[in-house]
Structures are given as C-alpha cells and as structure tokens.
Amino acid sequence: MSVQIWTYGFVFLTFGLYIGIAIWSRAGSTSEFYVAGGGVHPLANGMATAADWMSAASFISMAGLISFLGRDGTFYLMGWTGGYVLLALLLAPYLRKFGKFTVPDFIGDRYYSQSARLIAVFCAIVVSFVYVCGQMQGAGIVFSRFLEVDITTGVIIGMAIVFFYAVMGGMKGITYTQVAQYCVLIFAFMVPAIFISIMMTGQPIPQIGFGSELTEAYGGGYLLDRLDGMSEALGFATYTEGQRSTQDVFFITAALMFGTAGLPHVIIRFFTVPNVRDARRSAGYALIFIAILYTTAPAVSAFARTNLINTVSNLEYSSAPEWFSKWETTGLISFDDKNGDGRIQYVGDPVANELNVNRDIMVLANPEIAELPNWVVALVAAGALAAALSTAAGLLLVISTSVAHDMLKCTFMPQITERQELLYARLSIFVAVLIAGYFGINPPAYVAQVVAFAFGLAAASFFPAIVLGIFNKKMNKQGAIAGMIAGFTFTAGYIIYFRFINPAADNADSWLFGISPEGIGTMGTLINLAFATVFAKLYPEPPAEVQEIVENIRLPGEAIPR
C-alpha cells in the first residue's frame with residue numbers, strides 16, 4: 001500500500017481512539033474538567049505528563065534543528081530535559097501541597113492579591129498562545145505532506161480534532177487521551193530510529209549506534225567522524241563543533257530550563273493525582289518516559305543529516321527520489337538551479353547553495369530518505385500528530401482555566417454557577433483554537449524556535465514568582481507584581497523587536513550582550529528577581545498567616561486545608 005493509504009489508516013485509527021476516549025471520559029464537573037477529579041494513577045499521569053510535555057517541538061523540530069545545527073542544537077535537548085528535572089524536584093510537590101491547581105491561583109493566594117492573579121492570568125494566556133501556535137504549525141506540516149493537502153487545510157483539520165476532545169473531556173478526557181498519544185508517539189519515534197540504526201551501524205539501539213561505526217554500505221568509519229568530514233567537504237560548519245557564543249548557549253539553555261519549570265500546562269498535571277506522594281511518583285515515571293525519546297533524538301539527528309547529504313548532494317534533479325518531489329509540493333523543500341547544470345548543489349555557501357530544506361521536516365522525511373517501508377513512514381506521521389495535539393490540548397485547557405476559573409470565577413464573576421463556569425471554559429477554548437490556528441498558518445519561526453519564545457516568557461514571568469513564593473516567606477505582593485511585569489515586558493519586547501519590528505537586525509552583532517531572542521528569557525528572569533527583591537524591601541512583609549502557609553508547604557504531609 002502507498003504511504004498515503006497507510007497514513008489515512010493510522011490517522012483515522014488513532015484519531016478515532018482519541019475521540020472515543022474523550023466521549024468515554026466526558027467531564028461532568030469543574031473538578032473533572034480542570035484536574036480530572038484528582039484520581040489519576042501515577043503511572044498513567046506520568047505517561048500523560050510526558051505526552052503533554054513532549055510537543056511537536058520535541059518530536060518534529062528538535063531533532064531537525066540538531067541535524068542542521070549540530071552541537072549548537074543540543075541546548076534544546078539540555079534545556080528542556082534539565083527544566084523538567086527542576087520542575088519535578090524543586091516545584092511540583094510544593095505546588096501540589098499548596099492545593100491550587102493553576103499557576104494564577106497559586107500566585108493570587110500566595111501573594112494575597114487579585115492584581116497579582118490577573119497579571120499571572122495574562123502571562124499564562126500569552127505563554128500558552130505562543131506555545132500552542134507551534135503545535136498547530138507542526139500539525140499543519142504533517143497533514144500537508146502525508147494527506148497531501150496545503151498547510152492551511154492541515155492546520156484547520158488539527159484545530160477541529162483538538163477542539164473536539166479538549167471541549168468534550170476537559171482534563172479528564174485529555175489525560176487519558178494523552179496516555180494513548182504517548183504510546184503512539186514513542187512507538188512512532190523509536191521504530192524508524194531502530195530501523196535506521198540497524199541499517200547504518202548494525203546496532204539495534206540508536207543510542208549505541210550514535211557512537212558506532214557505519215556499515216560498509218555507508219562508507220565505514222565512525223558516524224560522527226563521517227558526518228564531520230562530509231559537512232566540511234561541502235562547506236558547512238563541523239557537526240560536532242559549536243558556532244554560537246558560549247554566553248548565548250548558556251542563556252538559551254537556562255531560559256529553556258526555567259521556562260519548563262514555569263510552564264502552567266505541565267504544572268497542572270501534578271494536581272490530577274490523589275496526593276503529594278503520587279505527584280512525586282508520577283514525576284519520576286514521566287522523566288523515564290521522556291528520557292526514552294530525548295536520548296534517542298541526537299542519534300536520529302545524525303542519521304537524518306547523513307542520509308540527506310548522501311541522497312541529494314550533487315544529484316541529478318531529474319533523478320530526484322519520490323520523497324523529494326512529494327515534499328517539494330508542500331514548499332518545505334525547494335531547489336533553485338542557479339548554475340543551470342541540472343544538479344542539486346547542496347553546499348554551505350549561501351550564494352552557491354541550491355537546496356533549501358525546512359528543518360522541521362527532517363524527522364518526518366528521514367524514514368522516506370532511508371527508504372523504510374511505507375507503514376513506518378505513515379507511523380511517524382501519526383506520532384507527530386499525537387505529539388502536536390497532545391500538547392495543544394493541555395495548553396488550550398490552561399487558557400480555558402485561566403479565563404473561566406482564575407479571571408471570571410475568582411475575580412470578576414464569583415457568583416456564576418459551576419455549569420456557567422464550564423460553559424465559559426469551553427467558549428474560551430473555541431476562541432483560543434481560532435487564534436492559535438491563525439498563527440499556525442502564519443508562523444514567525446520554526447516550531448522549536450516558536451516554542452523557545454514561549455519558554456522564555458514563562459521563565460521571565462512565572463519561574464521567579466513561584467520559586468520565591470515557595471522558598472521566601474517574606475516575599476510580598478508588591479515584589480512579585482513588580483518582578484512579573486518587569487521580566488515579562490522586557491522579554492516580550494526583546495522578542496517582538498527582533499522577530500517582528502526589525503528582523504533584519506536579528507543577528508549576534510545586534511543582540512544585547514550577544515544573547516539571541518531564544519535565550520533572552522534568562523535575562524528576563526534575572527530582571528524579575530532583581531525587581532522583586534528591591535520592591536519587597538520597600539513594602540511591609542506578608543501577613544503572618546501567609547508566612548505560616550509558606551513554612552508549612554515545605555514540611556512533609558498532604559495539602560494544606562484552607
């Protein structure tokens with residue numbers, strides 16, 4: 001069967017499963033809609049957390065960026081993985097014990113301020129919107145190639161599917177859907193990785209194949225040595241040596257770490273289990289499930305880059321394989337015959353280079369380039385969609401809870417009934433899907449870069465407020481509010497300037513201290529901390545009962561009754 005038929009089969013099968021789960025687990029109360037009733041098993045929650053956290057950026061874009069950037073791309077790997085460890089060990093258990101299931105709810109109560117709550121709501125909505133745009137973009141890329149529709153149509157299909165099961169099931173439906181999606185995405189990522197590792201190195205474990213010698217069919221020698229040699233011969237930067245400045249790599253890695261620890265859609269997952277002990281257990285399970293994909297990604301990147309160079313470099317365009325022409329119709333890969341010789345000149349010199357490849361297609365195209373069976377190619381498409389839509393659903397739920405619970409129920413309309421609150425939550429998801437779909441169709445950057453902006457904004461706004469709220473009992477509302485406003489405004493302004501107002505200046509020579517927009521969230525975090533510390537000194541300490549709560553959340557035990 002053709003790739004398209006296999007893809008239709010996998011997509012209809014998996015989407016049918018997701019929608020069936022959403023109907024089966026339809027939320028009937030705000031508790032089930034927001035936190036799945038708090039009764040999810042730690043193992044299931046660990047899988048759901050892994051699926052929620054491993055977005056299209058992890059599945060599609062991260063390995064693609066590493067395949068082109070080499071060592072420079074690994075800050076995504078280090079930052080996201082380190083950030084999850086930071087969240088699981090430093091923040092999640094304490095937030096779970098505090099007993100508030102949204103970040104704005106925690107900030108509003110901890111800092112005894114409706115103003116702080118509203119600022120947190122605004123930041124949560126903006127961060128989630130930026131993040132979900134990347135997921136819609138990823139879904140559009142997959143649909144455009146494998147269902148052979150344009151990207152706009154692909155994004156619309158993804159919007160419709162995720163809207164249906166997010167509105168129907170809420171967190172209860174999303175949790176069990178994400179368990180299924182994790183199984184799909186990890187199977188889809190690992191199967192082609194194992195296939196290609198065996199083909200190229202004879203090793204069935206990709207992590208071992210990454211450091212092994214190539215088979216004779218691929219020219220022999222160690223994989224990374226071979227890739228370095230091919231890259232240099234074509235005028236590209238050496239794969240294993242970085243080109244970015246040390247400070248930029250550090251700032252990007254730190255921004256991704258702090259941003260992960262402040263992401264509201266991941267934090268809320270630790271409230272879906274019965275108690276604090278289970279929150280810790282689910283965090284450990286999730287780390288194991290995440291590590292399976294993240295330790296495989298560098299190998300997939302090297303395999304994909306090697307296969308691409310071997311396949312298309314100096315190839316007669318008229319003899320280009322079928323996968324090339326299929327991706328060419330999407331506009332995500334293009335050939336410009338500058339010297340008129342009919343051959344694809346894939347070189348490091350941008351003036352002479354004739355091949356343009358969107359980095360987000362590398363994981364999806366890799367099985368086709370390696371000539372794997374059609375069912376494997378289609379399986380990767382299903383996995384990519386699972387990754388994109390699982391995270392999109394979690395983010396949409398954050399937006400809905402921020403609007404319906406934190407802004408309306410807790411602030412402006414406390415008299416609304418539970419039924420009305422659910423209605424407003426579902427309406428806010430509808431509006432959020434429309435806006436996210438627009439930016440998915442008109443993206444500002446690659447998927448992983450868009451997601452990195454979201455992490456930077458989360459780092460500059462939420463991370464200091466949460467850490468100080470847990471570990472500094474004397475941090476008051478004035479300090480928290482000043483810090484969030486200063487950090488978020490600086491980071492958002494920096495990203496908007498270089499990405500939208502003056503993109504021509506988006507280079508290392510123009511960046512502040514050589515820090516790229518992807519890494520500026522770390523500077524925003526430091527600014528947040530500085531403003532929070534200074535303003536906290538200028539105003540009275542928090543009330544005694546708030547300080548007592550802060551003391552208690554660091555002691556063993558369950559949620560604090562209030």
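All values below were derived from every heavy atom in this structure, side-chain atoms included, with hydrogens, water molecules and symmetry-related copies excluded. Start at 1 with the first residue, then count along the sequence.
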Would you name the heavy atoms of Pro542 and Tyr112 that are closest together and state the gap between them? CA-OH, 3.4 Å

Determine whether more than 12 heavy atoms belonging to other residues, nucleotides or ligands lie under 6.0 Å from atom CZ of Phe513. no

Sub-4.5 Å side-chain heavy-atom contact between Tyr182 and Ile186: yes

Parallel, tilted or perpendicular, judged at 30° and 60°: which one describes the rings of Phe488 and Phe122? perpendicular

Check whether any side-chain heavy atom of Arg117 lies under 4.5 Å from a side-chain heavy atom of Asp109, and answer yes or no. yes

Quick one: does Arg110's side chain have a donor or acceptor within less than 3.5 Å of a partner on Gly469's backbone? yes

Give the minimum heavy-atom separation between Ala486 and Ile527, together with the two atoms involved. CB-CG2, 4.0 Å

Can you check whether Gly83's main-chain N or O pairs, donor with acceptor, with Thr260's side chain at less than 3.5 Å? no

Step through the shown structure and confirm whether more than 12 heavy atoms of other residues, nucleotides or ligands are within 6.0 Å of OH on Tyr539. no

Is the closest basic N to carboxylate O distance between Glu241 and Arg71 below 4.0 Å? no

Supply the atom-to-atom distance Met257 CE to Met78 CE, rounded to the nearest 0.5 angstrom. 10.0 Å

Expected output: side-chain Tyr494 to main-chain Gly524 donor-acceptor under 3.5 Å: no

Centroid-centroid under 6.0 Å between Tyr346 and Phe236 rings: yes

So, Thr238 side chain and Thr240 main chain: donor-acceptor pair closer than 3.5 Å or not? no

Can you check whether Leu224 reaches Phe210 side chain to side chain, under 4.5 Å on heavy atoms? yes

Evaluate the side-chain proximity of Thr49 to Tyr285: yes if any heavy-atom separation is below 4.5 Å, no if none is. no

Within a strict 4.5 Å, meaning less than it, do heavy atoms of the Asn528 and Phe463 side chains meet? no

Is there a donor-acceptor contact under 3.5 Å from the side chain of Asn476 to the main chain of Pro540? yes

On a heavy-atom basis, which atom in Ala459 and which in Pro464 lie closest, and how many Å separate them? O-CD, 3.1 Å

Check whether Asn353 reaches the backbone of Asn356 with its side chain - one donor and one acceptor, N or O, closer than 3.5 Å. no

Apply the test side-chain contact (heavy atoms from CB on, under 4.5 Å) to residues Phe455 and Trp80: give CA-CA distance (whole Å), side-chain angles for both, the deciding distance (0.1 Å), then the verdict. CA-CA 9 Å; Phe455 277 70; Trp80 284 330; 3.2 Å; yes

Could you tell me whether Tyr94 and Phe471 have their ring centroids closer than 6.0 angstrom? yes

Mind checking the OG-CZ spacing from Ser231 to Arg305? Nearest 0.5 Å is all I need. 5.0 Å

Under a 4.5 Å cut-off applied to non-hydrogen side-chain atoms, are Ile119 and Ile481 in contact? yes

Heavy-atom closest contact (Pro503 atom, Ile501 atom, distance): CD-C, 3.5 Å

Please test Asp506 against Trp511 for side chain to side chain donor-acceptor pair (under 3.5 Å), starting from the C-alpha separation and ending with a verdict. CA-CA 7 Å; Asp506 190 8; Trp511 296 335; 2.8 Å; yes

Backbone N/O of Ala63 and side chain of Ser301: donor-acceptor pair under 3.5 Å: yes

Does any non-hydrogen side-chain atom of Leu293 lie less than 4.5 Å from one of Met190? no

Check whether any side-chain N or O of Asn45 sits under 3.5 Å from a backbone N or O of Ser282 as a donor-acceptor pair, and report yes or no. no

Under 4.5 Å between any side-chain heavy atoms of Met484 and Ile107, yes or no? yes

Closest non-hydrogen atom pair, Thr295 against Ile292: OG1-O, 3.5 Å

Closest heavy-atom pair and its distance - Pro517, Phe453: CB-CE2, 3.9 Å

Going from OG on Ser245 to CZ on Phe251, what distance comes out if it is rounded to the nearest 0.5 angstrom? 9.5 Å

Has Thr306 got a side-chain atom pairing as donor or acceptor with Leu227's backbone, closer than 3.5 angstrom? no

Show every ring-ring contact (aromatic ring centres under 6.0 Å, His included) that has at least one partner inside residues 516-535, sequence neighbours left out. none

Asp72 side-chain N/O to Arg244 backbone N/O, donor-acceptor pair under 3.5 Å: yes

Can you tell me if Asp228 and Tyr239 form a side-chain donor-acceptor pair at under 3.5 Å? no

